Chemist: 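Take this structure, written in structure tokens, and hold onto it; I'll ask about it next.
Heavy-atom basis, side chains included; hydrogens, waters and symmetry copies ignored. Quantities reported herein were computed from a predicted structural model and do not represent experimental measurements. In each ligand, atom 1 is the first atom listed, and ligand 1 is the first ligand listed.
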Amino acid sequence: MNNPRASDIEHRKAEHLDICIHGDVESPLVSTGLERYRFRHTCLPELDFDDLDIQTTFLGWPLAAPLLISSMTGGTALAGKINRRLARAAQHFRIPMGVGSQRVLLEQPQIAETFAVREVAPDTPLLANIGAVQLNYGCGVDDCGKIIKILDANALILHLNPLQEAVQTRGDRNFKGLLPKIRDLCQQLEVPVIVKEVGNGISGAIADQLIQAGVAAIDVAGAGGTSWAKVEAARATDPRQRALGQTFADWGIPTADCLQDIRENHPDYPLIASGGLKNGLDVAKAIALGADLGGLARPFLQAAHISEEALFEHIEITLGELKTVLFCTGCKNLSQLHQGSSLLRNP
Ligand SMILES: Cc1cc2nc3c(=O)[nH]c(=O)nc-3n(C[C@H](O)[C@H](O)[C@H](O)COP(=O)(O)O)c2cc1C
């Protein structure tokens with residue numbers, strides 16, 4: 001592969017973790033758009049809280065809750081520790097988990113153990129990950145097969161991150177001709193291909209093209225949460241790249257807008273909402289706007305960094321919040337919430 005040295009990638013991954021755990025990396029002005037909505041309160045739900053059902057199925061996987069641990073990390077000792085904590089939580093709560101970009105593994109297979117989570121998550125849908133742009137930099141179908149095999153993954157996520165690559169010093173910026181390569185990959189891989197952004201959102205028009213190409217599911221990863229322009233600005237040593245990142249800190253399509261835009265033409269297509277979701281109320285709003293799952297990245301990373309107990313507690317709180325929405329809207333399951341009839345637009 002035509003890549004920078006693996007140690008450079010490792011260094012970058014370590015910086016990403018450090019900045020995302022400790023830094024201020026939220027979009028300063030743009031928000032998810034979920035704050036434009038609230039639920040109609042139902043004071044007579046005629047439900048027993050203990051009977052509420054938040055189980056679901058996504059891409060054929062039975063899940064105990066409509067929650068995703070979004071793709072984050074791997075490649076360093078700390079990343080390995082965090083991945084194992086995330087994986088144990090995914091196994092315990094019976095929810096899927098993505099790992100961070102595995103590109104570094106193609107150069108440095110010996111660090112595979114920082115991604116090796118299957119042993120602690122034997123029943124969890126695990127999602128492999130690589131930047132779609134790598135298909136233009138020497139990564140082929142066989143390489144994708146390799147990273148899927150190393151993780152024993154149930155699906156491959158391709159992330160689209162043009163803004164991040166534009167801000168990153170020596171980023172990979174040739175995004176030409178990717179769609180046919182994504183189409184080939186969808187045809188040739190044995191597992192489903194999911195496409196996500198990294199916090200700048202996927203529009204309805206782009207989703208149309210991806211769906212046409214055979215992509216099995218889309219994660220909108222919209223704006224309003226972690227801003228990768230801001231993260232790359234924080235680690236840039238070149239003042240021009242730093243300024244560029246700061247200028248584009250608010251760039252992107254809010255998560256709520258992506259969902260509505262895509263759902264308009266694809267009412268039943270498997271769709272994940274992520275980007276700025278903070279709690280179970282956000283997940284519930286995203287589901288009422290049409291998402292099948294809600295994904296969280298940085299909130300889970302911060303909890304996992306503290307301890308496994310903190311992460312478990314964070315997920316339990318999130319699920320309790322989601323169930324409270326069901327209870328107080330009179331929805332006994334996710335299909336009723338999904339209908340969206342209890343969601344109101346704020347004046
Ligand atoms: C430390 C960190 C590393 C990330 N690395 C990846 C990655 O390798 N691949 C990917 O698709 N997304 C990656 N993301 C992006 C997230 O999956 C997600 O799309 C984005 O952070 C927005 O979600 P959030 O607002 O909940 O953080 C990363 C996020 C964080 C916080």
Side-chain angles (χ1 to χ4, degrees), residues 9-10 12-27 30-34 67-76 78-79 81-83 86 96-105 114-115 127-134 147 151 153 155-165 168 172 193-202 217-232 234-235 249-256 258 272-279 282-283 286 291 293-305 314-315 318:
I9 305 181
E10 259 185 273
R12 186 167 79 225
K13 294 289 145 194
E15 283 190 344
H16 283 161
L17 266 188
D18 186 51
I19 293 167
C20 287
I21 290 167
H22 302 291
D24 168 15
V25 292
E26 295 270 305
S27 304
V30 77
S31 62
T32 59
L34 295 171
L67 208 56
L68 165 70
I69 299 178
S70 291
S71 316
M72 279 184 279
T73 199
T76 66
L78 176 62
K81 186 163 136 187
I82 287 174
N83 267 343
L86 294 170
M97 169 189 166
V99 296
S101 173
Q102 294 167 272
R103 170 189 173 194
V104 63
L105 281 181
T114 66
F115 290 92
L127 317 177
N129 188 290
I130 197 152
V133 74
Q134 296 312 317
I147 63 170
L151 189 67
L156 172 70
I157 292 184
L158 294 176
H159 64 261
L160 292 168
N161 62 341
L163 178 61
Q164 182 184 12
E165 297 290 351
Q168 202 172 88
D172 294 326
V193 174
I194 301 172
V195 171
K196 75 187 277 288
E197 235 284 348
V198 298
N200 302 113
I202 295 181
I218 287 176
D219 177 347
V220 302
T226 307
S227 161
W228 279 88
K230 225 174 148 181
V231 176
E232 294 300 346
R235 53 181 291 275
D250 277 312
W251 183 265
I253 312 170
T255 298
C258 297
I272 304 170
S274 75
L277 273 55
K278 292 282 179 285
N279 51 44
D282 285 345
V283 173
L293 302 183
L296 283 75
R298 206 165 78 97
F300 287 159
L301 171 67
Q302 289 179 314
H305 182 246
H314 195 95
I315 296 178
T318 306

Chemist: Which residues pass the ring-ring contact (aromatic ring centres under 6.0 Å, His included) test with F115, sequence neighbours left out?
Modeler: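 None.
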Chemist: With sequence neighbours left out, what residues match T73 under side chain to side chain contact (heavy atoms under 4.5 Å, CB included)?
Modeler: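 Result, side chain to side chain contact (heavy atoms under 4.5 Å, CB included) vs T73: L17, A79, I82, N83.
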Chemist: What are the two closest heavy atoms between K13 and S101, and how far apart are they?
Modeler: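 Taking every non-hydrogen atom into account, NZ-CB, 4.1 Å.
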Chemist: Taking non-hydrogen atoms within less than 4.0 Å of ligand 1, which protein residues qualify?
Modeler: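 Residue list for ligand 1: C20, S70, S71, M72, G100, S101, N129, H159, K196, E197, V198, A221, G225, T226, W228, G275, G276, L296, A297, R298, P299, L301.
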Chemist: For K81, is the NZ atom crowded, meaning more than 12 foreign heavy atoms sit under 6.0 Å from it?
Modeler: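 No, not enclosed.
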Chemist: How far apart are the closest heavy atoms of V198 and W228, and which atoms are they?
Modeler: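 Result for this residue pair: O-CD1, 3.0 Å.
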Chemist: If the condition is ring-ring contact (aromatic ring centres under 6.0 Å, His included), which residues does H159 pass it with, not counting sequence neighbours?
Modeler: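 None.
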